[in-house]
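Reviewing the structure listed below.
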Amino acid sequence: MSRSLAAPQKLLRPLLQSCPRTQQQQQCQRFLSTQSSSCRPRRPTTAQRCTLDSQSTSVSSPSRPFLEQRRYKAKTVEEAKSRYRTGPFSWKAGLLFVVTSAGLVWYFEHEKQRMQRKRIAEATKGVGRPKVGGEFQLVDQDGRPFSSGDLKGRYSLIYFGFTHCPDICPEELDKMARMFDLVEEKAPGALTPVFVTCDPQRDDPKILKAYLAEFHERFVGLTGTYEQIKDMCKAYRVYFSTPRDVPAGKDYLVDHSIYFYLMDPEGDFVEALGRQHSPEQAARVILEHMKDWKR
Amino acid sequence: MGWFSTSADEKRKEEVRTGARAPDRTERKQCWDARDGFYRCLDKNNVVDSLTGEGKKIADKQCATEHKAFEENCASAWVTYFKRYRVAEHKKKETLARLEKEGANRMAVEGPGDTPGSKKI
């Protein structure tokens with residue numbers, strides 16, 4: 001032992017007493033022979049801790065003051081030995097750790113998703129927010145009057161289109177039928193699928209009925225006068241370019257927005273579902289919003 | 001009977017062509033098939049825009065049969081729409097390819113209900 005360790009012997013005495021003498025010597029020798037960096041413990045065992053303590057007190061390395069806080073005193077040699085053998089970890093502790101972490105991760109993910117949906121659903125409610133949707137008075141495909149009141153009490157999925165639509169609307173309506181079936185499977189009677197024409201001049205109830213029958217017998221088809229449809233589209237922020245008073249026999253197409261509007265049972269807008277959603281994804285989104293509502 | 005049904009079919013087809021009647025599912029399918037046939041011919045001849053200029057000339061010459069079937073099976077408004085759509089779609093693809101080459105990042109346009117790795121349309 002060199003002189004460097006002799007001086008602080010007094011300081012170290014309480015610590016050294018708790019460690020087996022031989023082991024402690026060994027450790028200190030190792031510490032002295034190798035430099036401080038190589039002596040850093042990979043596992044904080046008692047014997048090594050003693051070394052660390054001696055290191056921090058005797059050599060006084062101010063760069064690692066935190067080591068001071070990790071001091072652990074074993075009361076008996078047996079305790080120290082048993083601790084050395086098992087370390088601070090056991091399979092029980094490991095299992096508890098894993099289960100707790102998994103539980104927390106699941107809970108936080110679940111809550112995050114719920115809050116996200118809630119934010120989307122509430123983004124359009126309240127004061128000073130853009131209002132999508134509103135009162136309307138139209139006729140359905142059987143010629144019966146149909147108003148916004150008829151949609152209350154259930155979620156509704158509203159799609160705007162027209163029967164002469166070349167490619168997108170038919171595809172989207174097939175998707176809507178699939179979506180509706182998927183939702184209906186899990187939550188029967190909770191959703192009303194609605195198709196609103198943007199082309200009231202050509203799409204009368206009879207034509208709508210024949211058109212929608214090809215997609216799903218449960219679809220509600222709505223039409224009205226040009227003014228009524230214009231107001232409806234305005235309320236739902238739907239862009240449409242239907243020409244007014246086209247002479248009969250002249251063909252034209254209509255540009256319009258192609259979103260599914262999910263409305264809650266109070267007639268408030270919840271979320272717009274677009275072309276990027278597959279029917280399965282869209283159905284999942286709808287069902288999740290429905291679950292939130294019941295809470 | 002045969003005569004009658006043929007003329008009724010013709011009448012219906014004519015109505016679809018002029019836009020007096022909206023096509024039903026089978027008629028839409030027929031139209032799309034005819035359109036795809038026309039598109040294939042345009043692809044073969046490297047024509048994107050079959051509405052104007054050189055493209056129209058080539059299309060008229062090389063794809064006359066396909067074009068006739070296209071016009072027969074689709075409403076005339078649809079024919080124009082699909083021809084324009086082809087041009088727009090091509091431009092979109094070009095722009096995307098250019099942006100990708102320039103190193104632009106593709107942003108997800110999915111809603112929050114989407115899962116990553118979903119099918120993009």
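Numbers restart at 1 for each chain; the letters A, B, ... are given by sequence-line order, proteins then strands.
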Checklist entry - More than 12 non-hydrogen atoms from neighbouring residues, nucleotides or ligands closer than 6.0 Å to CZ on R25(B), yes or no? => result yes
Next on the checklist: Does any backbone or side-chain atom of R28(B) lie under 4.5 Å from a heavy atom of chain A? Answer side chain, backbone, both or neither.
Outcome noted: side chain
Checklist entry - Between W78(B) and H164(A), is there a donor-acceptor pair closer than 3.5 Å when you use the side chain of the first and the backbone of the second? => result yes
Checklist entry - Considering only heavy atoms, which portion of D167(A) lies under 4.5 Å from any heavy atom of chain B: side chain, backbone, both, or neither? => result both
Checklist outcome for this item: Ordered numerically, the heavy-atom neighbours of chain B under 4.5 Å found in residues 208-221 of chain A are Y211(A), E214(A), F215(A)
Next on the checklist: If you compare all heavy atoms of P166(A) against all heavy atoms of W32(B), which two are closest, and at what distance to 0.1 Å?
Outcome noted: O-NE1, 3.1 Å
Checklist entry - So with a 6.0 Å cut-off around CD of E72(B), is the heavy-atom count from everything else above 12? => result yes
Checklist entry - So what's closer than 4.5 Å to chain B heavy atoms on D174(A): side chain, backbone, both or neither? => result side chain
Checklist entry - Within a radius of less than 6.0 Å around OH of Y259(A), do more than 12 heavy atoms belonging to other residues, nucleotides or ligands occur? => result no
